[in-house]
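Structure first, commentary second.
Numbers here simply count residues along the sequence, with the first being 1.
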Amino acid sequence: MSRGSERLGRTEEEHYRERARRKKELVDRRIARATIDRGVLVVNTGNGKGKSSSGFGMLARSLGHGFRCGVVQFIKGSFSTGEDLFFRGMDGAFADRLEYHVMGEGFTWETQDRARDVAAATAAWEVAARMLADPDFDFVLLDELNIALNKDYLPLDAVLAALKTRPPRQHVVVTGRGAPDALVEAADTVTEMRLVKHAFRAGIRAQHGIEL
């Protein structure tokens, strides 16, 4: 018996095992009921950090499983990011399984040109719509699409229609703050990142490997 078990005492140890057994039974029942096998629509939104990071984590996971993947970045583009450098700079390791497009013009307060922002979002959406209609793509990441929708750069109805009619087994991740209610309703999994603290508010500039 471990020292932890000795401290708990036999009765508490047995109680712990009983709770664990009941928890396992509950989880096993939920797993048994999950019989649907299809692509999912994931939306990462909210004001906190981690929306794109989570999306790119799922991209890495999908590539690890041998999926064919597509990435369209809607807002970022005026500066290089670590994701861009990594996924597009792997000496062609993913060349046959990853199509990656950085099509933004930068943050809107930088461009200060709505027509230019709309044109960039429209061009990015044309690429994204092609991917969403192609059954050869197993996973599609639409980074910062929520911002383009929130600012009315793109018609929401057209985006929702393309997501609804995509190939049945295709997974899609949409990131960015301000996800429209209709997109949240259409999604299978929605995570809202809540901002608690951010280094930038304390005067710490954006850091490579963390923000960039």
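A pairwise comparison of heavy atoms in R114 and Y153 identifies NH1-CE2, 3.3 Å as the closest pair. Between L183 and L160, the closest heavy-atom pair is CA-CD2, 3.9 Å. A pairwise comparison of heavy atoms in A128 and F74 identifies CB-CZ, 4.1 Å as the closest pair. Of all the heavy atoms in A148 and A121, the pair that sits closest is CB-CB, 4.3 Å. Summarising the geometry of R38 relative to H171, their closest heavy-atom pair is O-CE1, 3.8 Å, with the distance given to 0.1 Å.
Panel note: side chain R166, backbone L163; a donor-acceptor pair is recorded below 3.5 Å. A donor-acceptor pair under 3.5 Å links the side-chain atoms of T165 to the main chain of A161, judged by distance alone. Side-chain atoms of D138 come within 3.5 Å of backbone N or O of R68 as a donor-acceptor pair. With N44 contributing its side chain and T191 its backbone, the two residues share no donor-acceptor pair below 3.5 Å. In this structure, T45 contributes its side chain and G178 its backbone to a donor-acceptor pair below 3.5 Å.
The closest side-chain heavy-atom distance from T189 to V43 is not below 4.5 Å. Within the 4.5 Å cutoff, no side-chain heavy atoms of E83 are placed close to those of V71. For the pair V159 and W125, the minimum side-chain heavy-atom distance is below 4.5 Å. Between H65 and F139, the closest side-chain pair of non-hydrogen atoms is not below 4.5 Å. Residues L132 and Q170 are in side-chain contact: their nearest non-hydrogen atoms beyond the backbone lie under 4.5 Å apart. Proximity of L145 to V72: side-chain heavy atoms (C-beta onward) are nowhere separated by under 4.5 Å. The shortest side-chain heavy-atom distance between D37 and R169 falls under the 4.5 Å cut-off. In this structure, the side chains of V173 and L59 stay at 4.5 Å or more apart for every pair of heavy atoms.
Going from atom CG of L63 over to atom CZ of F67 covers 9.5 Å, rounded to the nearest 0.5 Å. Residue R205 holds its CZ atom at 7.5 Å from CD of Q207, rounded to the nearest 0.5 Å. Interatomic distance, D152 CG to D117 CG, rounded to the nearest 0.5 Å: 12.5 Å. Atoms CD and NZ, on E144 and K51 in that order, are 7.0 Å from each other to the nearest 0.5 Å. Rounded to the nearest 0.5 Å, atoms CG (L141) and OG1 (T175) are 6.0 Å apart. How far CG of N150 is from CG of L156: 10.5 Å, rounded to the nearest 0.5 Å.
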*Step by step, work out the side chain to side chain contact (heavy atoms under 4.5 Å, CB included) result for L195 and R201.*
CA-CA 11 Å; L195 179 63; R201 290 185 173 180; 3.3 Å; yes

*Could you give me the CA-CA distance, side-chain angles and deciding distance for T122 and L154, then say whether side chain to side chain contact (heavy atoms under 4.5 Å, CB included) is met?*
CA-CA 7 Å; T122 300; L154 298 170; 4.3 Å; yes

*Give the intermediate values and the outcome of salt bridge (charged side-chain N to carboxylate O under 4.0 Å, His left out) for residues E126 and R130.*
CA-CA 6 Å; E126 289 177 359; R130 172 177 57 79; over 6 Å; no

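Annotation for R61: atom CZ does not count as buried by contact number, only 12 or fewer foreign heavy atoms lying within 6.0 Å. Applying the 6.0 Å contact sphere to CG of D136 captures more than 12 heavy atoms from other residues, nucleotides or ligands. Within 6.0 Å of CD1 in I36 there are 12 or fewer heavy atoms belonging to other residues, nucleotides or ligands.
In the hydrophobic clustering of ILVMFWY residues, with side-chain heavy atoms under 4.5 Å counting as a link, M58 and M193 come out apart.
Scanning for side chain to side chain donor-acceptor pair (under 3.5 Å) contacts around K24 gives D28, with sequence neighbours left out.
Salt-bridge annotation for E18 and R22: present, with a side-chain N of the basic residue lying under 4.0 Å from a carboxylate O of the acidic one.
Note on ring orientation: taking the six-membered ring where Trp is involved, the planes of F56 and Y100 are parallel (angle under 30°, cut-offs 30° and 60°).
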